[in-house]
Amino acid sequence: MRSSSMIFLGAIAFVAALSVVNQVGVPHPALIEPAVAATPVAPPVSAFRTVSSSTCSSNGCPTSCEADEALISAICIGPSSAKFSDNLSLENGQMTASCGPSSSTIVVSCARK
């Protein structure tokens, strides 16, 4: 006989032997282990966050990040252009960006420290 036929017949004999053992009531080891319940996982926290304000014409949009974040960039958006904020201040270790009166919106990017 060919070796592939021998493997096939051997597999059939093995399955038949397992089914006979099951019918007699002799326990046999499980071939497949039961699935373990999945533990719920919190969604990943993003390393970056974007903050925006639209009160620039009245107060300059002073905007800062949270205490556990660093201010990465601040863009002042006006009616016809956008530019990086050049009004940065540091007070008590917290950086704040603001825009001039010609800007309408500020967009600040923050990153977790």
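One-based numbering along the sequence shown.
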Study note, to complete from the structure: Taken to the nearest 0.5 Å, the spacing of M95 CE from I72 CD1 works out to 10.0 Å
Practice item. Heavy atoms only: give me the nearest E69-C110 pair and the separation to one decimal. Key: OE1-CB, 3.6 Å
Review point. If you round to the nearest 0.5 Å, how far is CG of N87 from OG of S103?
Key: 9.0 Å
Revision key, fill the gap. Result for side chain to side chain contact (heavy atoms under 4.5 Å, CB included) between T63 and one of S85, S53, S52 points to S53
Exercise for review: Measure the distance from the SG of C99 to the SG of C56 and say whether it is below 2.5 Å.
Suggested key: no
Point to revise | Gap between atom CD of Q94 and atom SG of C65 - 0.5 Å precision | key: 7.0 Å
Exercise for review: Please report the shortest heavy-atom distance between D68 and R112, naming the atom on each side.
Suggested key: OD2-NH1, 2.7 Å
Point to revise | Worked verdict on V107 versus I77 for side-chain contact (heavy atoms from CB on, under 4.5 Å) | key: CA-CA 8 Å; V107 178; I77 302 171; 3.7 Å; yes
Exercise for review: Determine, step by step, whether S73 and F84 satisfy the side-chain contact (heavy atoms from CB on, under 4.5 Å) criterion, reporting the C-alpha distance in whole Å, the side-chain angles of both residues, the deciding distance to 0.1 Å, and the verdict.
Suggested key: CA-CA 7 Å; S73 68; F84 285 104; 4.1 Å; yes
Exercise for review: Report yes or no: is the SG-SG distance between C76 and C61 under 2.5 Å?
Suggested key: no
Check your understanding: For the atom pair CG (L90) and OG1 (T96), what is the distance rounded to the nearest 0.5 Å?
Key -> 8.0 Å
**Study point:** Minimum heavy-atom distance between P62 and S98, given as atom pair plus value
**Key:** CA-CB, 4.0 Å
Point to revise | Shortest non-hydrogen contact from A70 toward K113 | key: N-CG, 4.0 Å
Exercise for review: Compare all side-chain heavy atoms of V108 with those of L71 and state whether any distance is below 4.5 angstrom.
Suggested key: yes
Check your understanding: What closest approach, in Å, do I106 and A97 show between heavy atoms, and which atom pair accounts for it?
Key -> CD1-O, 3.8 Å
